[in-house]
Engineer: 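Here it is: the structure, laid out below.
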Amino acid sequence: MIETPICSLLGIRYPVLQGGMAWIADGRLAAAVSNGGGLGIIAAGNAPADYVRSEIRTARSLTDKPFGVNIMLMSPYADEVAAVAAEEKVSVVTTGAGNPSKYMASWKDAGIKVIPVVASVAMAKLMTRLGASAVIAEGGESGGHVGELTTMVLVALVADATDLPVIAAGGIADGRGVAAAFMLGASGVQMGTRFLSAEECSINPVYKEKIIKAGDLCTMVTGKRLGHPVRSLRTTFARDYAKAEYSGMDDESLEALGVGALRKAVKDGDLQHGCFLAGQIAAMVSKEEPAADIVRSVIEEAEPILKGATKWVR
Ligand code: TUI
């Protein structure tokens, strides 16, 4: 049995968080993960506060277990969504794509545990000073918005830089990944892409099929020119976008190309105009299965690996 400080901190059986994927991680998926013994997380993405409140209520109707809300700090609605999280007194708030300093006091006053994604050592130290309960060290193997560092390097450096529990994310798909993360100093993991194939994940069937069929070189990073690099499946849209980045197109037109693209992937499965965010581990996803099976199996696979440490030492 694996039990870490993340389990007691969050009141969960398995130290597994489900990533806050915009337009994807809704109340239904979050509740399924929480019912399976992990921590389900509702993604606010770029959605307004009403959407987030309604998904929180959906999750509450489906589970009595703790769950969280992820706040994407670049969202135009970040302020109002931050207020909703405090009003609704969700157990946990995770943040991404920015610095959550200005919200920390209000969340802590509401009794919420705050777990920011940090993409650097400096940010890990700042969040430790401001009273975060743990940090998520997410490396560039992940889907969506990516930082500069890989998971292998970032998790080790962040574990050295803070006494808080560290949750590793980016490139983790199975028990081997969990064991590797623990070896680097993490005491929990967050997975996003792995949950795209969950039965309770309501994405367009085209999206799910693309994830299940993906191979090792099926993702790419675009968006560097505008300062927001994003990893997604190498679709017609992603290739066209990459070409446009180097075509001399002006920034505004380039920005316009991406507007609404996430939604077109998730809702319509539109390979021409949709942006199918996915991490490198898409290549390791092979079937659709219940979210609870994913949560349990990654930890059960990790147990014998960690017990045996490695087979190389005599
Ligand atoms: O946030 C994510 N993944 C995301 S957000 C997203 S929505 C989006 N839409 C359009 C453009 C870009 C994104 C899709 N996927 N992961 C967590 C994450 N946070 N990764 C990296 C960071 C991060 C980056 C910089 C966290 C903090 C940070 O600090 C910057 C600062 O202010 O110092």
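Everything numeric here is computed off the predicted structure, so don't read it as measured data. Note that these values count all heavy atoms, side chains included, but never hydrogens, waters or copies made by symmetry. In each ligand, atom 1 is the first atom listed, and ligand 1 is the first ligand listed.
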Engineer: Just go through H228, M74, R231, E138 and tell me whose heavy atom is the nearest to atom 20 (N) of ligand 1.
Structural biologist: E138

Engineer: Would you tell me which option among A122, G19, G98 has the nearest heavy-atom contact to atom 27 (C) of ligand 1?
Structural biologist: G98

Engineer: What's the shortest heavy-atom distance between T222 and Y241, and which atoms?
Structural biologist: CB-CD2, 3.8 Å

Engineer: For atom 17 (C) of ligand 1, which candidate among L149, N46, V117, T94 holds the nearest heavy atom?
Structural biologist: V117

Engineer: In terms of residue, atom name and distance, what is the protein heavy atom nearest to atom 2 (C) of ligand 1?
Structural biologist: H145 CB, 3.8 Å

Engineer: Give a yes or no on whether a salt bridge exists between R225 and D251, defined as a side-chain N under 4.0 angstrom from a carboxylate O.
Structural biologist: yes

Engineer: At a 4.0 Å threshold, what atoms of ligand 1 neighbour a non-hydrogen atom of G144?
Structural biologist: 14 (C), 15 (N)

Engineer: By the definition side chain to side chain contact (heavy atoms under 4.5 Å, CB included), identify the one residue from I115, I12, V16, L39 that meets it with I6.
Structural biologist: I12

Engineer: With heavy atoms under 4.0 Å as the rule, classify the contact between M72 and ligand 1 as side chain, backbone, both or neither.
Structural biologist: side chain

Engineer: Is there a donor-acceptor contact under 3.5 Å linking the side chains of R28 and S202?
Structural biologist: yes

Engineer: Side chains of D109 and S106: is there a donor and an acceptor less than 3.5 Å apart?
Structural biologist: no

Engineer: As an exercise, identify every atom of ligand 1 less than 4.0 angstrom from a heavy atom of N99.
Structural biologist: 32 (O)

Engineer: Strictly under 4.0 Å, does any heavy atom of G45 approach an atom of ligand 1?
Structural biologist: no

Engineer: At under 4.0 Å between heavy atoms, is it the side chain or the backbone of V146 that contacts ligand 1, or both, or neither?
Structural biologist: neither

Engineer: Ligand 1 versus M123, non-hydrogen atoms closer than 4.0 Å: side chain, backbone, both, neither?
Structural biologist: side chain

Engineer: Search all heavy atoms of L9 against all heavy atoms of S133 and return the closest pair with its distance.
Structural biologist: CD2-O, 3.7 Å

Engineer: Can you list the atoms of ligand 1 that are under 4.0 Å from a heavy atom of G96?
Structural biologist: 1 (O), 17 (C), 19 (N)

Engineer: Taking non-hydrogen atoms only, is A97 closer than 4.0 angstrom to ligand 1 via side chain, backbone, both or neither?
Structural biologist: both

Engineer: Test T151 against every option in E141, E138, Q280 by the side chain to side chain donor-acceptor pair (under 3.5 Å) rule and name the one that passes.
Structural biologist: E141

Engineer: What residue and heavy atom of the protein are closest to atom 24 (C) of ligand 1, and at what distance?
Structural biologist: A119 CB, 3.9 Å

Engineer: Mark up the atoms of ligand 1 that fall under 4.0 Å of a heavy atom belonging to L277, in ascending order.
Structural biologist: 14 (C)

Engineer: Is a donor from one side chain sitting under 3.5 angstrom from an acceptor on the other, for T162 and T128?
Structural biologist: yes

Engineer: Got a salt bridge between R53 and E87, using NZ or NE/NH1/NH2 to carboxylate O under 4.0 Å?
Structural biologist: yes

